[in-house]
Amino acid sequence: MSTVISELVAEGVVTEVGALRSDGGRPRQLLRIAPDHAYVVGVDVGEHSVRATLHDLSMKVLAAADVPLPDGPVVADVVRAIRTLTSVTMSDAAVPSGSVLGVGIGVPGIVTHEPEPFVHSQVIGWDGVPLRRLLDLGLPVAVGNGTRAMGQAELWFGAGRGARNVVFAKLDYGVSASSAADRGSERLPTLRTCEWGHTSVSVDGPRCRCGTHGCLETYVGADAIARRYARARGKRIRGGSRKAIATLVSEAPEDPTAAGLIEEMAGYLGVGIANLVNLFQPDRVVLGGWVGLELGPALLPELRRVLASRTLRQPLARTELRLAELRTHAETTGAATLQVERFLALGARPVPG
């Protein structure tokens, strides 16, 4: 152990930050990762914008930027945005490219990795997009599911810490989930994603953009909530889905119509979460995504009531329901950890590729 630590100190990966007195023998040295040894960029590809953050190895955010996607996630626009944001964040933080371990990218949809990362997202029209090849950044690029990235950030730094088995439910324009299961021999649980938003909660429900009917997303996705609220009000809500949801939350405490809509959403979301609990039997369910965080405080009491009536008693008794703790940069921080994982797996020696 002493030899390994000495090598890491010599390489500048680890630094000594003091010592503890010992009751016998040599004093114990306190160590930490050297934050400025290297840097990572995390990118979150959303349906209406692309966001990026640059981090040191302590995962402190040193720079952040975003680019809107006025025409939606068109592949060429997304590629251009990622290139721009990578350059902008490095420039803003005055970090040379030679000090950057790589770029981690979270995307909506399924990512396959043979023989290279391909992104499959039926709802945004991506079918086998070779994102890493198209970017040609001159830096190592890791591509993963965005909900998995959010879950990994919460697992390392937020509401997932300390849980052996945890499910992360993300409510955004899309709806999805990832689960982390403790395998016993691994230092951290393994995260897996699922297209939870496209599981059916109603046989004859609204048509979903995936092509089927009654998907959970058609009830608790951002645009679906905004449409239901507009219909209830008999008018279009100016400012898009974000404004509509913020208005809904502000009106709910004193307005029966808004309160009724939140209760209805809690019913559908509760059924969806009950399915996750019965399937995965987690210790903890973490509700995140900007919609989940906006609505969460209003939803939680009703969600707990729905879960009590829709979930098997034994798994529910051991399941804790929480809101995500990381807010502004959860997805980009999680994406950045994809490169930190790679760095650690390579023995803390960055290599091209």
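These numbers were taken from a predicted model, which means no experiment stands behind them.
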What about [X] and [Y], same hydrophobic cluster or not, with Ile/Leu/Val/Met/Phe/Trp/Tyr joined at side-chain heavy-atom distances under 4.5 Å?
X	Y	value
Phe118	Leu134	no
Phe280	Leu312	no
Leu338	Val119	no
Leu295	Val306	no
Val79	Leu139	yes

Taking only distance into account, with no hydrogens and no angle test, what donor-acceptor pairs under 3.5 Å do side-chain atoms of residues 88-111 form with protein atoms, sequence neighbours excluded?
unit_1	atom_1	unit_2	atom_2	d
Thr89	OG1	Leu85	O	2.9
Thr89	OG1	Thr86	O	3.2

Residue pair [X] / [Y], side-chain donor-acceptor N/O under 3.5 Å:
X	Y	answer
Tyr229	Glu251	yes
Asp66	Ser49	no
His213	Ser200	no

Would you indicate whether the side-chain heavy atoms of [Y] and [X] approach each other to under 4.5 Å?
X	Y	result
His55	Leu62	no
Leu303	Leu287	yes
Thr212	His198	no
Arg327	Leu293	yes
Leu269	Met265	no
Asn165	Gln281	no
Thr319	Val285	yes
Arg164	Arg284	no

Side-chain ([X]) to main-chain ([Y]) donor-acceptor, under 3.5 angstrom:
X	Y	answer
Glu217	Gly174	no
Arg192	Ser178	no
Thr53	Ala64	no
Arg313	Ala317	no

What distance separates [X] [atom1] from [Y] [atom2], expressed to the nearest 0.5 Å?
X	Y	atom1	atom2	answer
Asp77	Ile82	CG	CD1	11.0 Å
Met150	Thr333	CE	OG1	12.0 Å
Arg322	Glu154	CZ	CD	10.0 Å
Thr332	Asp44	OG1	CG	7.0 Å
Ser250	Asp255	OG	CG	9.5 Å
Leu155	Arg148	CG	CZ	9.5 Å

Ring centres under 6.0 angstrom apart (Tyr173, His48):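 They qualify: ring centres under 6.0 Å apart.
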Phe168 and Trp196 aromatic centres sub-6.0 Å: no
Tell me the closest heavy-atom pair linking [X] and [Y], and the distance in Å.
X	Y	answer
Trp126	Pro73	NE1-O, 2.8 Å
Gly289	Glu331	CA-OE2, 4.3 Å
Ala330	Ala153	O-CB, 3.4 Å
Val340	Met59	CG2-SD, 3.8 Å
Leu316	Ala308	CD2-CA, 3.6 Å
Asp283	Arg318	OD1-NH2, 3.0 Å

side-chain contact (heavy atoms from CB on, under 4.5 Å) between Arg227 and Thr218, intermediate numbers included: CA-CA 10 Å; Arg227 284 193 298 269; Thr218 65; 5.9 Å; no
Residues, nucleotides or ligands: over 12 heavy atoms within 6.0 Å of [X] [atom1]:
X	atom1	result
Arg161	CZ	no
Glu320	CD	yes
Arg209	CZ	yes

NZ/NE/NH1/NH2 to OD/OE distance under 4.0 Å, Arg304 and Glu302: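 No, this pair does not count.
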Candidate pair Val78 and Val129, rule side-chain contact (heavy atoms from CB on, under 4.5 Å), full reasoning: CA-CA 11 Å; Val78 169; Val129 174; over 6 Å; no
The single option from Leu307, Val167, Asn278 passing side chain to side chain contact (heavy atoms under 4.5 Å, CB included) against Ile273: Leu307
Criterion salt bridge (charged side-chain N to carboxylate O under 4.0 Å, His left out) on Arg133 and Glu116, from CA distance to verdict: CA-CA 8 Å; Arg133 190 198 323 158; Glu116 61 177 297; 2.7 Å; yes
Full working for side chain to side chain donor-acceptor pair (under 3.5 Å) between His120 and Thr112: CA-CA 8 Å; His120 309 264; Thr112 57; 3.2 Å; yes
Test side-chain hydrogen bond (donor to acceptor under 3.5 Å, both in side chains) applied to Ser176 and Thr193, Asn145, Thr147, the passing residue: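 The option that passes is Thr147.
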Cys215 vs Cys210, side-chain contact (heavy atoms from CB on, under 4.5 Å): CA-CA, chis, key distance, verdict: CA-CA 9 Å; Cys215 293; Cys210 74; 3.7 Å; yes
Full working for side-chain contact (heavy atoms from CB on, under 4.5 Å) between Arg83 and Leu137: CA-CA 7 Å; Arg83 288 174 181 163; Leu137 287 176; 3.8 Å; yes
Test salt bridge (charged side-chain N to carboxylate O under 4.0 Å, His left out) applied to Arg228 and Asp223, step by step: CA-CA 9 Å; Arg228 295 168 84 83; Asp223 291 339; over 6 Å; no
